[in-house]
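Heads up: the structure comes next, in structure tokens.
Indexing begins at 1, ligand by ligand and atom by atom, following the structure's order.
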Amino acid sequence: MATAIATPLLLLLIFFIFINSIPIPSLSCPLHQKQSLLRFKNNLITSFHSNSSFNSEYFKPFDSWNANSDCCSWEYVYCTGNTTRTVTELYLYAIVPQLVNPVLVFSHILTPLFHIRSLKLLDISMNGLVGEMPIDGFRNLTQLVHLYMMQNNFNGSIPPQLFELESLRVLDLSFNNLQGVLSPKVGNLRNLISLNLSANSLTGNIPEEIGNLTKLREFSLRNNQLSGGIPPSIANMKELETLYFSENSFSLHIPTGLGRLHNMNTLDLGDNRFVGSIPSSIQNLSKLETLLLQNNNLRGEIPTRLFEIKTLKSLFIGGKGNNLIWSNTTRIVPRCRLVQMSMPSCGISGEIPIWISSQIDLEFLDLSRNQLEGRFPDWLANMEIESIVLSDNKLTGSIPSQVFKSISLMVLDVSQNGFSGELPQNIGNANGTEILMLSGNNFLGQIPMSISNMRSLWLLDLSRNRFSGDNFPNLRDNLVLSYLDLSYNEFSGNIPVAFPTKLQNLFLGRNKFSGNLPWNLTKLVNLEHLDLHNNDITGNFQDTLPQIPTLQVLNLRNNSLEGFIPRTISNLTSLRILDLSRNNLTGSIPQEIGNLARMIEAPHMSTSGYVFTIYMSIYEDSKIVFDIQDLIVNWKSSFRGLSSRTLGIYSFLDLSDNKFSGEVPPPLGNLKGLKALNISHNNISGHIPVSFGNLKGVESLDLSHNKISGLIPQSLAKLDELTVLDVSNNKLRGKIPLGGQMNTMNELKYFANNSGLCGMQIRITCPEDVPPREGREEDDEQQLWILWEGTWVGFPLGFFSSILIMAYCLNFLQLFRFW
Ligand SMILES: *[C@@H]1O[C@H](CO)[C@@H](O)[C@H](O)[C@H]1NC(C)=O
Ligand SMILES: *[C@@H]1O[C@H](CO)[C@@H](O)[C@H](O)[C@H]1NC(C)=O
Ligand SMILES: *[C@@H]1O[C@H](CO)[C@@H](O)[C@H](O)[C@H]1NC(C)=O
Ligand SMILES: *[C@@H]1O[C@H](CO)[C@@H](O)[C@H](O)[C@H]1NC(C)=O
Ligand SMILES: *[C@@H]1O[C@H](CO)[C@@H](O)[C@H](O)[C@H]1NC(C)=O
Ligand SMILES: *[C@@H]1O[C@H](CO)[C@@H](O)[C@H](O)[C@H]1NC(C)=O
Ligand SMILES: *[C@@H]1O[C@H](CO)[C@@H](O)[C@H](O)[C@H]1NC(C)=O
Ligand SMILES: *[C@@H]1O[C@H](CO)[C@@H](O)[C@H](O)[C@H]1NC(C)=O
Ligand SMILES: *[C@@H]1O[C@H](CO)[C@@H](O)[C@H](O)[C@H]1NC(C)=O
Ligand SMILES: *[C@@H]1O[C@H](CO)[C@@H](O)[C@H](O)[C@H]1NC(C)=O
Ligand SMILES: *[C@@H]1O[C@H](CO)[C@@H](O)[C@H](O)[C@H]1NC(C)=O
Ligand SMILES: *[C@@H]1O[C@H](CO)[C@@H](O)[C@H](O)[C@H]1NC(C)=O
């Protein structure tokens, strides 16, 4: 019995000894790699612990990273190897939470990772890391095949050590802030198949050595500041499939050799400064699907054979800068099936080419800024295209009603043409339309009521036509409507208010609207821009001023408003531009205007006005930018159009041509952000407040045609931006201040008709500047004379002196009579 039990025990024992004597594979990662990773974790967490308000929940996944477990089992970590397992892949993307107020995490937290020499893949993208990329670190990572560092905030140059990693196949450093030039050493990365350096701040040229990357398939340098030409060596990169070089400053010719890259699928050279013609070799790219050449300095004829590339789907040529012509439009027998065709400013004349009707997949058509003539073709109306942009041509006739049968229509822009007639009653059937722009045509009649069925509409521009009617359709259920422009038409009746609360921009100027400012405007709680100028709006302003805190621009110029400016004007806390000129407003200017915060602070460069960029869904590259509704302001004594692109940076206050009385309120001097202040043509009295010396942004200050008395305060010499100061037709007296810009204010008409102004600017010596008399009268007169016309000095004095003085006075009067 005993032996019977003992035998298996013995066997077991022997077995154990046996097993222990052969090497068992270590299933755990090397200790030094574990330690490196733990140091990295520690660095990361310390970065956050310095900030007590941080919520540690974000680092839950790192709980698995502890000293007692195998690091190969940790979250984000992958190991390979059957006998010895080593860390080869680290997926550390988006581990740093991108909070609203992000915690600054510096790039040096990465240092421990550079001890893990076995890494083949390192992904630390989307972490917002700041500082320079570690310089020496990469020297250790010779095995690296994939390196993803996009969407951080790395600055400084690309470490040259990176270019020695010969195994590297994918390098993505896009969306950082890397500066400096692209080192010729990039040519060492000959195994690379994907290189993405887009959205950095790289400068200089592409090195010739780029041609050594013969295995590269994807190459993006988009959105940098690179210049020079594309090196001809690019023709060696036979595997290239996608090339994104747009949004740089590349110049010179597009190299012909590109036509030898037969795998090319996407060629994006848009928004650069390429010169010369479109190389005809491009038509040899038999796999080309996307060709983007827009906005360069290209010249010459568009090669018709481009349309014979069977695979071509997206074509963007033309645009600003290019000066291409396309005279063969009708001879084209296309073999392509375009989805997007964008040919603005391509010198296309004649009718809209009929062969476009063969492009049955077409979703986006932009033929704007050409010289197209004739009618809107019926075949085009029947094609069910999503976006049709035909603005700035010479098209005539009416818009066929079939256009609006299409529920796929999203964008229709026919502005600046010669279209006429009434809008089709069925317009509302196109209820997927988001943008409808008909401005600058001869359309007339009423707006069809069916337009209120266009529930997706967010931009409606009917301006500069002859539309009329006093019953504008109710758009209150078009919940996304954000921009509505009816200006420069013949609409009448009360101001329409049946709009959704989303509305931000409402332009109703230059119509025949009448009645009071409707109280319901106040319900448009997101309104930023309200323009009602040149209508016939009546009523007491104080009772009807809409109380909209988001309002930035309020233009009521040239109406018939009465009453006064209420103190609640200061509730309009976003107001930057206020134009109440040419009304019948009375009372004094309320002090509260001095509280308008957006006129006090320096204008934001970031608010860029009204530029709409439509990104098409298929390629983000395909965008159309609409630049609409330029504001016209009275600035520096003339009416000027401010481009909507820069509108955001201006701040104006124009109260001219009313019946305001009382004194100038000193708090107006708070409005440091104003570029123009105009209170002219009123009945304002009192003095110019000393506080006006604080209007440090002001370029144009018009106080003319009032009853302002006293001295011009010396503080105005502090106004460094001042270029126009008009104080004419007041009761000012005394010396015009000297110093700074005041020395350049020598336009006589701007000082005319006051009660005794003097000063160097208007060439009248002030009494206090006349040196004390010493002896003969002639000396005094001589001084004056020298001031007036210095060249005459030397004439016998005495005899002439009294005549000269007379001449001087006459001359002066003469000047004023002229103005
Ligand atoms: C590890 O084992 C797998 C199969 O289990 C094998 O395919 C692979 O080649 C081995 N790798 C090494 C490095 O031995
Ligand atoms: C700390 O975090 C809070 C919120 O995440 C942030 O507002 C603050 O700026 C941070 N402070 C520092 C010093 O990073
Ligand atoms: C490279 O790795 C070794 C350990 O393998 C380490 O001692 C050294 O500091 C690393 N170099 C850098 C620059 O990180
Ligand atoms: C990079 O950014 C860091 C931190 O923001 C800064 O200290 C450093 O000077 C910058 N380096 C360069 C080359 O701009
Ligand atoms: C380059 O990176 C950006 C941002 O990560 C990405 O949007 C883009 O598609 C990439 N381009 C290529 C060619 O990989
Ligand atoms: C790399 O490119 C340069 C410049 O184009 C060339 O002179 C050099 O011979 C290339 N190196 C190799 C190994 O092909
Ligand atoms: C297009 O390719 C053919 C043959 O591959 C070649 O003969 C022709 O010269 C090329 N055309 C252009 C414009 O490069
Ligand atoms: C335009 O058509 C003519 C005649 O068919 C042709 O000779 C010429 O090469 C074409 N031009 C272009 C740029 O395609
Ligand atoms: C558009 O109209 C069709 C029927 O005419 C309807 O089925 C669809 O829901 C409408 N779409 C919208 C966004 O109103
Ligand atoms: C103004 O708003 C009221 C509800 O507050 C509504 O009954 C009235 O119809 C609106 N007026 C106009 C002209 O839309
Ligand atoms: C201003 O009011 C006066 C009467 O007080 C009137 O004669 C004049 O037409 C009004 N001007 C405007 C622009 O409404
Ligand atoms: C406007 O401001 C006054 C005080 O100036 C305040 O009493 C009133 O509630 C404000 N109205 C709105 C709508 O904010």
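- Below 3.5 Å of separation, one finds an N or O of S174 facing an N or O of ligand 5.
- With hydrogens and angles left out, the side-chain atoms of N263 and K287 include a donor and acceptor closer than 3.5 Å.
- Residues L380 and L390 have side chains in contact (heavy-atom distance under 4.5 Å, counting atoms from C-beta outward).
- When heavy-atom distances to ligand 5 are checked against a 4.0 Å cut-off, Y244 comes that close only through its side chain, counted from C-beta outward.
- Residue pairs satisfying the salt bridge (Lys or Arg N to Asp or Glu O under 4.0 Å) criterion with at least one member in residues 123-152, sequence neighbours excluded, are listed as follows: D136-R139.
- A donor atom on one side chain and an acceptor atom on the other are found under 3.5 Å apart for N295 and D271.
- Sorted by chain and number, the residues within 4.0 Å of ligand 9 by heavy atom are N431.
- In this structure, Y93 has its ring center no closer than 6.0 Å to that of Y148.
- In this structure, a donor-acceptor pair under 3.5 Å is absent between the side chains of S452 and N474.
- Distances below 4.0 Å separate heavy atoms of N155 from the following atoms of ligand 4: 1 (C), 2 (O), 3 (C), 8 (C), 10 (C), 11 (N), 12 (C), 14 (O).
- Aromatic rings from Y244 and F219 are positioned such that their centres are separated by 6.0 Å or more.
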